[in-house]
Amino acid sequence: MAQQDRHTGNYRWDPAAGTLGLIDHGFAFAVPGARCNASCFVEWRHNQGETDLIDWELASLDVLIHSNDLHGLVGVLSDEQASALHDRACRMRANGTILDGG
């Protein structure tokens, strides 16, 4: 959600272990109007026609939305970032789909 800068230079895939490591989270909690560099995972899902959220993604959104503190992020994020995150989570949950990049 709102990962405005997720390109091949800021994640690490280890095929032997089957693990994905994400680095550089500077735009992880973007606000409306923030610069969008790339969002390769979102783009991939849209290109594959796989924008519908699956059960565990929907359940994760429910936990986030219904948490009193955005699952521990309130107080860490700015009020604007927390509000934007909550709004995006609610839109995704209501639509049942991944949002477009940007």
Counting only heavy atoms from other residues, nucleotides and ligands, does the tally under 6.0 Å from [atom1] of [X] exceed 12?
{"X": "His7", "atom1": "NE2", "value": "yes"}
{"X": "Asp79", "atom1": "CG", "value": "no"}
{"X": "Glu80", "atom1": "CD", "value": "no"}
{"X": "Asp55", "atom1": "CG", "value": "no"}

Are side-chain heavy atoms of Leu22 and Phe41 found at a separation under 4.5 Å?
yes
Would you call Arg12 and Leu20 a side-chain contact if the rule is heavy atoms closer than 4.5 Å?
no
Okay, side chain of Glu57, backbone of Ile54: is any donor-acceptor separation there less than 3.5 Å?
yes
Tell me whether Arg6 contacts the main-chain N or O of Cys40 through its side chain, where contact means a donor paired with an acceptor under 3.5 Å.
no
Check the hydrophobic clustering (I, L, V, M, F, W, Y; side-chain heavy atoms under 4.5 Å; chains of links allowed) and say if [X] and [Y] are grouped together.
{"X": "Val76", "Y": "Val74", "result": "no"}
{"X": "Val42", "Y": "Tyr11", "result": "no"}
{"X": "Leu58", "Y": "Leu99", "result": "yes"}

Before giving the answer on side chain to side chain contact (heavy atoms under 4.5 Å, CB included), spell out for Thr97 and Met92 the whole-Å C-alpha distance, their side-chain angles and the decisive distance to 0.1 Å.
CA-CA 6 Å; Thr97 61; Met92 288 175 67; over 6 Å; no
Nearest non-hydrogen partners of His46 and Thr51, listed with the distance
ND1-CG2, 3.2 Å
Closest contact, heavy atoms only, Leu70 versus His86:
CD2-CD2, 3.9 Å
